[in-house]
J.: 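What follows is a structure written as structure tokens; I'll ask about it next.
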Amino acid sequence: MKFSILIAHYNNAHFFKDCFESILQQTYTDWEAVILDDASSEEEKKLVQEIISKDKRFKFLKMKKIPGSV
């Protein structure tokens, strides 16, 4: 049975690497990981996308910042 791992991300790429490594060390392999980026800086997005680029089970979804929002 395939399951999904949802990961919220907002300018925390330095923590994401540990998360990524931990997921890869699991013995169960039928999964996907979806990173939900909440309008992080472009540099942060690039760092996470670089980390996940070699594993197709990771998906990166970008949320756009809504004008006038905090």
Side-chain angles (χ1 to χ4, degrees):
M1 174 170 65
K2 185 174 191 171
F3 68 93
S4 299
I5 303 163
L6 302 177
I7 304 165
H9 175 261
Y10 177 73
N11 290 335
N12 61 359
H14 61 283
F15 293 117
F16 178 75
K17 186 169 183 178
D18 288 338
C19 174
F20 176 79
E21 295 293 333
S22 177
I23 293 169
L24 292 181
Q25 290 175 13
Q26 302 305 307
T27 57
Y28 191 78
T29 59
D30 193 13
W31 52 264
E32 68 176 349
V34 181
I35 298 100
L36 305 168
D37 179 78
D38 193 17
S40 296
S41 70
E42 289 303 314
E43 183 177 321
E44 290 282 324
K45 290 176 191 174
K46 287 179 187 177
L47 287 171
V48 171
Q49 290 174 315
E50 189 175 296
I51 293 168
I52 68 172
S53 66
K54 294 182 179 146
D55 194 321
K56 298 296 182 195
R57 295 175 293 185
F58 286 86
K59 312 287 187 260
F60 189 85
L61 301 177
K62 300 178 202 177
M63 299 293 293
K64 293 182 181 181
K65 188 171 184 175
I66 299 171
S69 65
V70 178

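Since the model is a prediction, treat every value here as computed from it, not as a measurement. Numbers here are sequence positions counted from 1.
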J.: Do other residues, nucleotides or ligands put more than 12 heavy atoms under 6.0 Å from the NZ atom of Lys17?
T.: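 Incorrect, the count does not exceed 12.
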
J.: Working to the nearest 0.5 Å, report the span between CD of Glu42 and CG of Leu47.
T.: 11.5 Å

J.: Listed by chain and number, what are the side-chain contact (heavy atoms from CB on, under 4.5 Å) partners of Lys54, not counting sequence neighbours?
T.: none

J.: Inspect the contact between Lys46 and Glu43 and indicate whether a charged nitrogen and a carboxylate oxygen are less than 4.0 angstrom apart.
T.: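 Salt bridge: no.
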
J.: If the condition is salt bridge (Lys or Arg N to Asp or Glu O under 4.0 Å), which residues does Asp38 pass it with, not counting sequence neighbours?
T.: none

J.: So do Glu44 and Asp37 actually touch side chain to side chain, heavy atoms under 4.5 Å?
T.: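 With C-beta onward as the side chain, the pair stays apart.
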
J.: Output yes when a side-chain donor or acceptor of Asn12 lies under 3.5 Å from a complementary backbone atom of Phe15, and no otherwise.
T.: no

J.: Hey, what do you get for NZ (Lys2) to CD (Glu32), rounding to the nearest 0.5 Å?
T.: 5.0 Å

J.: Looking at every non-hydrogen atom in both residues, tell me the closest pair between Tyr10 and Ala39 and how far apart they are.
T.: CE1-O, 3.6 Å

J.: For a quick test of reading the model, state the closest non-hydrogen atom pair linking Ser40 to Lys45 and the distance between them.
T.: O-CE, 3.1 Å

J.: Okay, side chain of Ser53, backbone of Glu50: is any donor-acceptor separation there less than 3.5 Å?
T.: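 A pair under 3.5 Å: yes.
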
J.: Once rounded to the nearest 0.5 Å, what's the spacing between atom CG of Asp30 and atom CZ of Arg57?
T.: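 CZ of Arg57 is found 9.0 Å from CG of Asp30.
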
J.: Is Phe16 isolated, or which residues cluster with it under the ILVMFWY side-chain rule of less than 4.5 Å, directly or via members?
T.: Met1, Phe3, Ile5, Ile7, Phe20, Ile23, Leu24, Tyr28, Trp31, Ile35, Val48, Ile51, Ile52, Phe58, Phe60

J.: Does a side-chain heavy-atom distance below 4.5 Å link Lys62 with Gln49?
T.: yes

